[in-house]
Amino acid sequence: MGLRFYNTLSRSIEPFTPAVPGRVSMYTCGPTIWNYAHIGNFRTFLFEDLLRRWLEARGLRVFHVMNLTDVDDRIIKEAGARGLPIREFTEPFARAFFEDRDFLRIRPAHAYPRATDFIAEMIRLVEGLLAKGVAYQGDDRSVYFAIQRFPAYGQLSQLDRRSLKAGASGRVSTDEYDKENAQDFVLWKAARPEDEAVAAAWDAPFGRGRPGWHLECSAMALALLAREGLGEVLDIHAGGVDLIFPHHEDEIAQSCAFTGASHFARVWLHGEFLNVRGTKMSKRFGNITTPRDLKADGVDAGALRLLMFQTHYRQKLDLTDEALAAAREGSRRLGEFDGRLRRATRRTAGTPNAWAEWAGRVAGDVSEALDDDLNAPRAIATLFDAVRDGNRLLDQGLPPGDGEVAEWVRALEVLDVLPSGGGGTTVSHGAGAAAEGAPSDTPPTEPEASENWARAWAAARLTAKGRRDFKEADRIRDLLKAAGWSVRDNKDGTVEVRRV
RNA sequence: GGCGCCGUAGCCAAGUGGUAAGGCAGAGGUCUGCAAAACCUCCAUCACCGGUUCGACUCCGGUCGGCGCCUCCA
């Protein structure tokens, strides 16, 4: 059936065809670097990572841009409180964002433009809008976009079908405005002393000030599209559902009014929220958890990715310890099978037919699931089916060929949900561990020494088992367990120890 | 008040107009010195009430419950 996505613009699933064959331009709204991004934010970034990976797996060359918002009210306020220029204030959070991104194995975008690096482009955009008469300067010197002069306004959020209740969100007071129409949005905010204090003001023909929130995405997307020779319409624009209105609606208005094109992006994808006990994770609700918090708690990125992808991106997902534990266990099982499969691979042709069928099913089902609006939960179900069937074949002693294993690897690479590193080490007979005599009962603290220690005990267990001294063997297992190592006797007579 | 989403087993979660994927947990079993791992078996009638239909969990209407957006929140 081919690749298809749910397009917020049409509220329906549509076949996806990039404007330039073989290439995809994709812009995703990134974080406002005023603080550490929480995993709610990262749920969206993870969904976008999956999108990116699948497009690439489908053979498309993706140009992915993610902006970093480094000037906004919160940043100015926080920077002011610390007496720092905004650039200096945001820098550590930008770095932290990249660290968290890497921890979660999110593939780096091709560009991470920062708003303050594109002031000139934004000014040009505002000038263009003023020239076209769709923008005007208010009495406060700020520049606003006049939505009544842009008839298509509201198509994304279906504004024509709703009546806005001014200030209903309670997040902004309605009387702060100096606009012709309450729904007009600001393109350029006239500079205030607080802005000057933190170097958040720039000169412009229409007055000194700083960009409004929406402006950066339009300016940077258009600038980077032009640089890549990809026209002035994005193939895909993605973000969280909360950005549909007003952010993306306003981006469309200012971009299309400027370019004259009918679209700013042909496909709009929006990811649902990550909830905590039913309500969205948000700084203002005080219920946030950051990737670094989870990392500190020993949560693995593979488990986290599995958890996120086991729920469709357009469904709300509640984060709980139980769900996290379940994902950890699932990730472990996938990793266990992956290791077993790779060890059993043989490099020969003419593999048993059962494996060929197995591989075909993995590739076909995963592909069909992800093609269908990124149905990762279904793709993961396929993976688990493959684990069960594959283990059964391996139990029968049938080895897979590399071609079949490659199909499994390809499917896994898109989701990337295996546990990271920390595999066990296997000790076989005559490991020479006894060379230095019996290891001490207490483990060394350094990781490497601790591993040697565990290996030594594993060898000792092997020896004890060899003389059928099961009491001693059990004692060793308990001792290792107490030190945080799991023990497993393999069928081939080896002992495997693994950090828990 | 407006717009929209959701309500599937103990927990998480796909899905289809024809009688419910997958994961975790749990129970029993095979294997094992014992474990572990792996495999096998078992574990739902899809919030409620109407309607349409030969047939609905899937379509329509309503009720109840949860959630989101409504000007700078992924």
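In what follows, chains carry the letters A, B, and so on, assigned in the order in which the sequence lines appear, proteins first and then strands, with residues in each chain numbered from 1.
Remark: B:C59 base-pairs with B:G51; criterion is Watson-Crick or G-U wobble with both hydrogen-bond distances under 3.5 Å. Pairing partner, B:C24: B:G10, with both Watson-Crick or wobble hydrogen-bond distances short of 3.5 Å.
When distances run from any side-chain atom of A:Pro377 to the nucleotides B:A14, B:C73, B:U71, the shortest one goes to B:A14. For A:Asp385, whose side chain is taken as the heavy atoms from C-beta onward, the closest listed nucleotide among B:G4, B:G68, B:A21 is B:A21. Each of B:A74, B:G15, B:C24 was ranked by its minimum atom distance to the side chain of A:Asn375; first place goes to B:G15.
For the C1' atoms, the distance from B:U19 to B:A36 is 40 Å, rounded to whole Å. For the C1' atoms, the distance linking B:A20 with B:A9 amounts to 11 Å, nearest Å. Separation of the C1' atoms belonging to B:C12 and B:G26 is 15 Å when rounded to the nearest angstrom. When the P atom is used for both B:U8 and B:G66, the distance is 14 Å, rounded to whole Å. Comparing B:U16 with B:C57, their P atoms are spaced 16 Å from each other, to the whole Å. When the C1' atom is used for both B:A25 and B:G18, the distance is 33 Å, rounded to whole Å. Distance noted for atom P between B:U52 and B:C60: 15 Å (whole Å). With C1' as the reference atom, B:C39 and B:G4 are 46 Å apart, rounded to whole Å.
Nearer the 5' end of RNA chain B, as judged by each residue's closest nucleotide, is the contact made by A:Arg378, out of A:Asp242 and A:Arg378.
With hydrogens and angles left out, the side chain of A:Lys283 and the base of B:C73 share no donor-acceptor pair within 3.5 Å.
One interatomic measurement links the two molecules: CD of A:Glu272 to P of B:G7, which rounds to 12 Å at whole-angstrom precision. Residue A:Asn275 contributes atom CG, which lies 11 Å from atom C1' of B:C5 at whole-angstrom precision. The separation between A:Leu480 atom CG and B:A36 atom P is 16 Å, rounded to whole Å.
Between A:Lys280 and B:C69, a side-chain N or O to OP1/OP2 separation shorter than 4.0 Å is present. Checking the phosphate oxygens (OP1, OP2) of B:C73, a side-chain nitrogen or oxygen of A:Arg74 falls inside 4.0 Å.
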* To do: Could you give me the CA-CA distance, side-chain angles and deciding distance for A:Thr494 and A:Val427, then say whether side chain to side chain contact (heavy atoms under 4.5 Å, CB included) is met?
  => CA-CA 6 Å; A:Thr494 62; A:Val427 173; over 6 Å; no
* **Trace of the side chain to side chain contact (heavy atoms under 4.5 Å, CB included) decision for A:Leu187 with A:Phe185** => CA-CA 7 Å; A:Leu187 294 165; A:Phe185 59 92; 3.8 Å; yes
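Test A:Asp195, A:Asp73, A:Asp140 against A:Lys189 for salt bridge (charged side-chain N to carboxylate O under 4.0 Å, His left out) and you get one pass: A:Asp73. Just one residue in the list A:Trp54, A:Phe5, A:Phe47 forms a ring pair (Phe, Tyr, Trp, His ring centres under 6.0 Å) with A:Tyr313, and that residue is A:Phe47.
With sequence neighbours excluded, no residue forms a ring-ring contact (aromatic ring centres under 6.0 Å, His included) with A:Phe103. Under the side-chain contact (heavy atoms from CB on, under 4.5 Å) criterion, A:Asp365 pairs with A:Arg361, A:Thr382, not counting sequence neighbours.
Contacts between residues 308-319 of chain A and RNA chain B, defined by a heavy-atom separation under 4.0 Å, are made by A:Gln310, A:Thr311, A:His312, A:Gln315, A:Lys316.
Considering CG of A:Asp100 and CZ of A:Arg95, their distance stands at 12.5 Å, rounded to 0.5 Å.
With hydrogens and angles ignored, the 3.5 Å screen pairs no side-chain donor or acceptor of A:Arg477 with any backbone N or O of A:Ser486. Without hydrogens or angle criteria, A:Gln183 side chain to A:Ile147 main chain gives no donor-acceptor distance under 3.5 Å.
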What N/O pairs connect the protein and nucleotides 31-33 of chain B at under 3.5 Å? Give each pair on its own line.
from: B:G33; atom 1: O6; to: A:Arg461; atom 2: NH2; distance (Å): 3.2
from: B:G33; atom 1: N1; to: A:Asp474; atom 2: OD1; distance (Å): 2.9
from: B:G33; atom 1: N2; to: A:Asp474; atom 2: OD1; distance (Å): 3.2
from: B:G33; atom 1: N2; to: A:Asp474; atom 2: OD2; distance (Å): 2.5

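Checked against the 6.0 Å centroid criterion, the rings of A:Tyr112 and A:Phe98 qualify as a close aromatic pair.
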* Structure fact -> B/S/- along nucleotides 38-48 of chain B (protein heavy atoms under 4.0 Å) is SSS--------
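Nucleic acid contact for A:Gly278: sugar-phosphate only, since backbone atoms but no base atoms lie under 4.0 Å from a heavy atom of the residue. Contacts of A:Leu383 with the nucleic acid, taken as non-hydrogen atoms under 4.0 Å apart, are absent. Residue-level contact check: A:Thr279 touches the backbone only, with heavy atoms under 4.0 Å from sugar-phosphate atoms and none from bases. At a threshold of 4.0 angstrom between heavy atoms, the contacts of A:Phe273 include nucleobase atoms, whether or not backbone atoms are also involved.
Annotation: salt bridge (charged side-chain N to carboxylate O under 4.0 Å, His left out) contacts involving residues 237-253 of chain A, sequence neighbours excluded, are absent.
Using cut-offs of 30° and 60° for the angle between ring planes, the A:Trp355 and A:Trp358 rings count as perpendicular.
Between A:Tyr6 and A:His270, the closest side-chain pair of non-hydrogen atoms is not below 4.5 Å.
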